[in-house]
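Heads up, the thing below is written out as structure tokens.
So that the names make sense, note that chain A is the first sequence line, chain B the second, and so on, each numbered from 1.
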Protein chains: 2
Amino acid sequence: MASDHTRSAILAAAERLYADRGFGDVTLRDIVAAAGVNLAAVNYHFGSKDELIAELFVTRSIATNRERLRELKAAEEQGGGRAPIEVILHALVGPTLRGCLGPENQRSTAARFMIRASIESVPPIRRIKNREIDHLRKFAGAMRRALPERSEVDIYWGLNFALAMAHHTIRESERLTKLSEGKCDLDDVEDVVARVVSVATMALTAGKTETKALPRVAAR
Amino acid sequence: MASDHTRSAILAAAERLYADRGFGDVTLRDIVAAAGVNLAAVNYHFGSKDELIAELFVTRSIATNRERLRELKAAEEQGGGRAPIEVILHALVGPTLRGCLGPENQRSTAARFMIRASIESVPPIRRIKNREIDHLRKFAGAMRRALPERSEVDIYWGLNFALAMAHHTIRESERLTKLSEGKCDLDDVEDVVARVVSVATMALTAGKTETKALPRVAAR
DNA sequence: TTGCAATTCAAACAGTTGTATGAAACTATC
DNA sequence: GATAGTTTCATACAACTGTTTGAATTGCAA
């Protein structure tokens, strides 16, 4: 039985540093300094820096996915196996947005870490990331049940756009605030969630697969 | 009068490498090897690695913005100072999408470099990036003229979502292809552009600022 | 050709990175 | 309290980074 203290101190410090400054410029020495442990501790407890990152990512990935699926399952059971599309989308983008936006002090390092992981492309994470697809497929399935008349292609595009708006808004929240001179309130998380869900819902429910028929603007 | 040959060879090689592999793991030695020049050439011609990146970014940034503004200006002049919102959005996301998607061989390294720059956060670029805001403000202005009844907040959110869909689709194109098992055709660039423009247009023109009034899904 | 500046080059530099080592300190069991 | 196993620590290591240096080479004007 180990003390585990050093181990979890490293995990916590690493997660916070990665969430704040990205994977690119966080060194092992930064991590052990923040954790207050010896340099060799990381290699002793995790084997290598990459394995530390991988463990962090796997742990958080499982937690996030469970959170999202819990919301989804609950909604589908309540609706007798079929949830409204808004609720599905809400379960998809809600947890992440809630963890990454809002007043500084209540943001979750876990959520911010996951966004970093989804943005920056670091080898140990890239290797694992394919499992994420299975997770998204479950959402695609629920969306198909909610919109049976919709083509599969449209479902995937809707899913893609929903994630796009959520992630991009998180990533560029600072720029959006500056661009709008504070008029867009990124601290009102539920409003942001509602906006993303609303637009994604429109994308998925608007008149049948007509994107191809839209007025094609003259290219150059 | 210098030969300039070495200089442009470095620029070309650097742009391609950064576009392909990101800023994180491209070393000066990689660049000079690809360019077929001596290691010291970068420091001789550009001063430092950061200044090389900065020059690359500034050059491409100016070119991209000019391209987008040209499409925008042309559309507004044709409409007597007011262009349809679809055309504005098309000018905003079209050039980038066209340069980053489509058949492998006709993708532009320049566009892919710019996407890298907008994704990964490397110091020399971050310092310059604020000018981008002025550029986006011009689009916000055009959008306001196209939709005078729309609130400013909605305009900024629509702009944000349009860029979100475009950038995210480029960034995660591989995953979307895999997720949809090839059903989403990322090579049909004009279809992708049409989809993004269509959804963004809906986001901007759908019933008045009602996001706040949408059914608020039970939070957890 | 001579002279001079611009450019290229091999080599070395100082700094940082992740990792490995072996001794010291601790912890629990007998 | 001696012993064996685990954990910590200071330190060294090898590999790699961007940068500098000073000598060699080139290109071109007089």
Query - Which nucleotide in D:dT19, C:dG18, C:dT8 has an atom nearest any side-chain atom of B:L39 - result: D:dT19

**Report entry** Nearest-nucleotide pick for B:K49, side chain only, options being D:dT19, C:dT8, C:dT19
**Finding:** D:dT19

Query - OP1 or OP2 of D:dT7 under 4.0 Å from side-chain N/O of A:T6 - result: no

Query raised in the report: Roughly, in whole Å, what's the span from CG in B:L28 to P in C:dT16?
Result: 17 Å

Query raised in the report: Charged N to carboxylate O under 4.0 angstrom, B:K138 versus B:E76?
Result: no

Query raised in the report: Do any side-chain nitrogens or oxygens of A:N38 fall under 4.0 Å of OP1 or OP2 in D:dT7?
Result: no

Query raised in the report: What's the CG-P distance between B:D30 and D:dT17, to the nearest Å?
Result: 7 Å

Report task. In whole angstrom, give the distance that lies between atom CZ of A:R29 and atom P of C:dT16. Result -> 10 Å

Report summary line: Per atom distances to the A:A40 side chain, the nearest of D:dA12, D:dT19, C:dT21 is C:dT21

Requested in this report: Nearest whole angstrom, please: distance from the C1' of D:dA10 to the OH of A:Y44.
Outcome: 17 Å

Report task. Starting from P on D:dG18, measure out to CD1 on B:I10 and report it in whole angstrom. Result -> 13 Å

**Report entry** Over all atoms of both residues, closest heavy-atom pair of A:A200 and A:A162
**Finding:** CB-CB, 3.8 Å

Query - Least distance between heavy atoms, B:V189 atom then B:L101 atom - result: CG2-C, 3.8 Å

Query raised in the report: Does a side-chain N or O from B:T27 land closer than 4.0 Å to OP1 or OP2 of D:dT17, or not?
Result: yes

Report task. Provide, to the nearest angstrom, the distance between the NE2 atom belonging to A:H45 and the P atom belonging to C:dT19. Result -> 15 Å

Query raised in the report: Does B:H5 make a side-chain N or O approach to OP1 or OP2 of C:dT8 shorter than 4.0 Å?
Result: no

Query - Heavy-atom side-chain proximity of A:E190 to A:R98 below 4.5 angstrom - result: yes

Query - Whether B:F57 and B:F113 hold their rings parallel, tilted or perpendicular, with breakpoints at 30° and 60° - result: tilted

Report task. Can you tell me the distance, in whole Å, between the CD1 atom of B:I53 and the C1' atom of D:dT19? Result -> 15 Å

Query raised in the report: In whole Å, what is the span from the CD1 atom of A:I31 to the P atom of C:dT17?
Result: 11 Å

Query - Listed nucleotide nearest any side-chain atom of B:N43, set D:dT20, C:dG18, D:dC9 - result: D:dT20

